[in-house]
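First up is the structure itself, then whatever we jot down about it.
The first residue in the sequence is number 1, and the count goes up from there.
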Amino acid sequence: MTGARFAQLLYRSFDAMVDAVQGDLAREGHADLSVAHEFAMQAIDGGAANAAELARALGVTRQAAAKTIAALEALDYVERTSDPADARRKRLVVTERGHDAIAIGARGFDSLYQRWRDAVGRENADAVIEALEAITAPNGVRGSSVG
C-alpha cells in the first residue's frame, strides 16, 4: 500500500463518518451545526474556557477558534458566563441546546464505530485504534516523513 492510498482511506473513512453524523444532527434539529462545531463544543465542555484554550485543544489558530465561538454563540450552542474565580473574566459554557447536539453526535459516532467494529472484528478494530493513536501521539510519527 502506498502512503497516498493510506491517506485516501483515512480521509474517506472520516468523511463517511462525518457525513452520517451530519445527517443525524440535521434530522434532530441541528442542521446549522457542523461536525467541526461539535468537536469544538466537546472541547469547551471538556474545559476549553476561552479562544486560546479552544485553539490549543483543536489544533487551530486563535482566529479560527474565535470565529467558531462566535458562530456557536450566534446559534445558541455556547454562551459566555462570568468566571467563578474572577468575575472580570468570561468563560465559555455549552448550553442545553449544545449538550443535546453533543449527545446526538456522540451516539452517531458510537453507532458507526460499532457497525465498523462488527464488520472487521474486535481485534482488527482495536489494532487500528492503537495504530492511529501511535501515529497521532505527540512523540509519534506525526508530521515526520518516516518511511
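The CZ atom of Arg62 lies 15.0 Å from the NZ atom of Lys67; values are rounded to the nearest 0.5 Å. With rounding to the nearest 0.5 Å, the separation of OG1 in Thr68 from CZ in Phe39 is 12.5 Å. Rounding to the nearest 0.5 Å places CE of Met41 at 9.5 Å from CG of Leu75. Between the CG atom of Leu112 and the CZ atom of Arg117 there is a distance of 14.5 Å, given to the nearest 0.5 Å.
Cluster annotation: Leu132 is not connected to Phe109 through the hydrophobic network of ILVMFWY side chains, with a link wherever side-chain heavy atoms come within less than 4.5 Å. Linking Ile, Leu, Val, Met, Phe, Trp and Tyr whenever their side-chain heavy atoms come within less than 4.5 Å puts Phe14 and Leu25 in one cluster. Under the 4.5 Å side-chain heavy-atom criterion for ILVMFWY residues, no single connected hydrophobic cluster contains both Leu9 and Val18. Cluster annotation: Val21 is not connected to Trp116 through the hydrophobic network of ILVMFWY side chains, with a link wherever side-chain heavy atoms come within less than 4.5 Å. Val120 is connected to Phe6 through a chain of hydrophobic side-chain contacts under 4.5 Å among Ile, Leu, Val, Met, Phe, Trp and Tyr, so both are in one cluster.
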| said: One pair to check against salt bridge (charged side-chain N to carboxylate O under 4.0 Å, His left out): Asp32 and Arg97. What are the steps and the verdict? | reply: CA-CA 12 Å; Asp32 52 357; Arg97 177 172 163 78; 3.2 Å; yes
| query | Do Ile44 and Leu54 pass the side chain to side chain contact (heavy atoms under 4.5 Å, CB included) test, and can you show the C-alpha distance, the side-chain angles, and the key distance before you say yes or no? | reply | CA-CA 7 Å; Ile44 292 166; Leu54 182 59; 4.1 Å; yes
| Arg80 vs Glu73, side chain to side chain contact (heavy atoms under 4.5 Å, CB included): CA-CA, chis, key distance, verdict | CA-CA 8 Å; Arg80 294 177 200 261; Glu73 281 182 305; 2.9 Å; yes
| query | Could you go step by step and tell me if Ser34 and His37 meet the side chain to side chain contact (heavy atoms under 4.5 Å, CB included) rule? | reply | CA-CA 5 Å; Ser34 72; His37 288 139; 3.1 Å; yes
| request: Test side chain to side chain contact (heavy atoms under 4.5 Å, CB included) on Asp45 and His99 and set out the steps. | output: CA-CA 9 Å; Asp45 210 35; His99 281 114; 2.9 Å; yes
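Checked for salt-bridge contact, Asp100 and Arg107 miss the test: no charged N lies under 4.0 Å from a carboxylate O.
Looking at Asp15, its side chain never comes within 3.5 Å of a backbone N or O of Tyr11 through a donor-acceptor pair. With hydrogens and angles ignored, the 3.5 Å screen pairs a side-chain donor or acceptor of Thr95 with a backbone N or O of Tyr77. Distance alone, capped at 3.5 Å, is enough to place a donor-acceptor pair between the Glu53 side chain and the Ala49 backbone. Panel note: side chain Gln22, backbone Leu33; a donor-acceptor pair is recorded below 3.5 Å.
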